[in-house]
Trainee: 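Mind looking over this structure? Questions follow.
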Amino acid sequence: MNGEFEFLKKIIVEKIGFYPDRYKRRPLKRRIAVRMRYNKVNSYLEYAKILEKDKNEQRFLHKTLTINVSKFFRNFETFRKIEEEVLPQLLLEYEKKGKILKVWCAGCATGEECYTIGMLMDRFLRGRQPSVPFIIIGTDIDNDSLDIAEVGCYRNNVLDETPEYYLKTYFLKNERFCVSDRIKEKVRFIKLDIEQENVELKELDLVLFRNVLIYMEKSFQKKILLMIHNRLKDEAFLVLGKVETLIGDTKSLFNIVDSRERIFSKCQILKR
Ligand SMILES: C[S@@+](CC[C@H](N)C(=O)[O-])C[C@H]1O[C@@H](n2cnc3c(N)ncnc32)[C@H](O)[C@@H]1O
């Protein structure tokens, strides 16, 4: 049984480029079981053999393993706090250094989070210094989600937390709600595993890393949080999901800005 599961994991890595060992074991097995039931097989070995050959099944399993749900202004209060606590600091940072403000949405799924922060920043800066340049980079491992993100048109089920002002100002409504070009041109999407290097992802001012960490194994969580710390500018911020938190040594990498909304600022590590 264990050997069979190890073999299945190997096929998953080879065929869909997803690394099962980075994720929490029990939920991972639950999701694989969903696909096994669908394919009417009882053993990991049988399922591995299907997966090895069937490209559609590879795609379905990838979809099942990467949970891609998102929405605009998800946990509205978090974005209210970002506006209150983070954006004024980013503006000060720009005034001091004059460098483009860079935001990374790591694990951005279908793009709602990237566009939300774009709208929030646009509105905030419009009332203060509209000429401040900023860019938002959204990354994810799921191609299908990124295709949706690129198009930027959504049904209203992902807009129920969006305030009227934003709906009116930043969307064009046809059959769906499409994000306006003003915001779309600030956002770039890249297919990227969170662990991969990318030249764009350094000197960041703000990282939104929400509802991704929760699925990861503790050792991988620590590794990624350290990596994010290294990619942030000195005076920069990290936002986690509502039920996520820093663990172990990673607590010493960040200061708490708002514990309820999981907003942190980078802490300098003293070099000896
Ligand atoms: C639940 S969604 C979170 C979406 C958004 N951040 C939010 O909070 O609404 C989790 C996303 O993380 C992505 N993900 C999981 N593991 C990843 C990895 N190793 N590298 C990049 N993205 C990953 C999944 O593909 C999925 O789209």
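Atoms within each ligand, like the ligands themselves, are counted from 1 in listed order.
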Trainee: Would the SG atoms of Cys114 and Cys108 measure under 2.5 Å apart?
Mentor: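 Disulfide absent: SG-SG distance not under 2.5 Å.
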
Trainee: About how many Å separate CD of Glu200 and CD1 of Ile135, when rounded to the nearest 0.5 Å?
Mentor: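 The CD atom of Glu200 is 6.0 Å from CD1 of Ile135, to the nearest 0.5 Å.
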
Trainee: Should the ring pair Tyr115 and Tyr154 be called parallel, tilted or perpendicular, given that the plane angle runs from 0 to 90° and is split at 30 and 60?
Mentor: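 Plane angle over 60°, so perpendicular.
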
Trainee: Salt bridge or not between Glu77 and Arg80? Use side-chain N to carboxylate O under 4.0 Å.
Mentor: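 Salt bridge flag = yes for Arg80 with Glu77.
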
Trainee: Students should find this: residues with any non-hydrogen atom under 4.0 Å from ligand 1. What is the answer?
Mentor: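 Around ligand 1, where the cutoff is 4.0 Å for heavy atoms, the contacting residues are Arg22, Tyr23, Thr66, Ile67, Asn68, Val69, Ser70, Arg74, Gly107, Ala109, Glu113, Asp140, Ile141, Asp142, Leu192, Asp193, Ile194, Arg210, Asn211, Val212.
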
Trainee: So, does Thr139 use its side chain to make a donor-acceptor pair with the main chain of Ile190 at under 3.5 Å?
Mentor: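 Not at all, since once roles are kept as given, no pair shorter than 3.5 Å links the two residues.
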
Trainee: Examine distances only and state if a side-chain atom of Gln89 and a backbone atom of Val86 form a donor-acceptor pair shorter than 3.5 Å.
Mentor: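 A pair under 3.5 Å: no.
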
